[in-house]
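The next block holds one structure in the form of structure tokens; read it before the comments.
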Amino acid sequence: MEFLKAITLGAILSATVGLLIGSQGTSAGPLAIHLVSIADAQIYWSWPVFLSGSGLAWGLMLLQR
């Protein structure tokens, strides 16, 4: 259950960081922010931020158990 919560928090973090940095027109180097088209919507997304944010949130939730 903690893993699903961590994925949600990682997605929120990635979308927020992607929106803030990607809308400025930069890829932010190692963050690798890129524009993703989903149906008719376009969002900025970063897989490295998603994976590291999910891992960090998961670790914190496991420590709180």
Side-chain angles (χ1 to χ4, degrees):
M1 187 66 179
E2 286 91 3
F3 186 66
L4 295 176
K5 292 178 191 176
I7 288 175
T8 303
L9 291 173
I12 291 170
L13 177 68
S14 181
T16 303
V17 170
L19 177 66
L20 293 175
I21 296 175
S23 64
Q24 300 298 319
T26 182
S27 67
L31 295 181
I33 296 172
H34 57 278
L35 190 62
V36 176
S37 297
I38 300 174
D40 291 333
Q42 292 181 336
I43 61 169
Y44 289 99
W45 188 256
S46 172
W47 283 108
V49 173
F50 171 71
L51 294 175
S52 60
S54 295
L56 181 63
W58 190 34
L60 289 172
M61 286 181 204
L62 288 177
L63 283 174
Q64 290 178 354
R65 212 188 316 172

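This is a predicted model, so every value here is computed, not measured.
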Excluding sequence neighbours, so at least two apart, what forms ring pair (Phe, Tyr, Trp, His ring centres under 6.0 Å) with Phe50? Trp45, Trp47
Determine which pairs satisfy salt bridge (charged side-chain N to carboxylate O under 4.0 Å, His left out) with at least one residue from residues 1-28, sequence neighbours left out, and list them in order. Glu2-Arg65
Salt bridge (charged side-chain N to carboxylate O under 4.0 Å, His left out) pairs touching residues 6-27, sequence neighbours excluded, are none
For Met61, the rest of its hydrophobic cluster, which grows through side-chain links under 4.5 angstrom: Leu9
Give me each pair satisfying ring-ring contact (aromatic ring centres under 6.0 Å, His included) with a member in residues 1-26, each pair once, sequence neighbours excluded. Phe3-Trp58
Atom pairs and distances, donor-acceptor, side-chain atoms in residues 35-43, under 3.5 Å, two or more places apart:
from	atom 1	to	atom 2	distance (Å)
Ser37	OG	Gln42	NE2	3.4

Polar side-chain atom of Thr26 near backbone of Gly22 as donor-acceptor pair, under 3.5 Å: no
Pairs of donor and acceptor atoms involving the side chains of residues 10-20, under 3.5 Å and at least two apart or interchain, shall be tabulated with distances.
from	atom 1	to	atom 2	distance (Å)
Ser14	OG	Ser46	N	3.3
Ser14	OG	Ser46	O	2.9
Thr16	OG1	Ile12	O	2.8

dist Tyr44:OH -> Leu31:CG (nearest 0.5 Å) comes out at 14.5 Å
With ring-ring contact (aromatic ring centres under 6.0 Å, His included) as the rule and sequence neighbours excluded, what pairs involving residues 5-25 come up? none
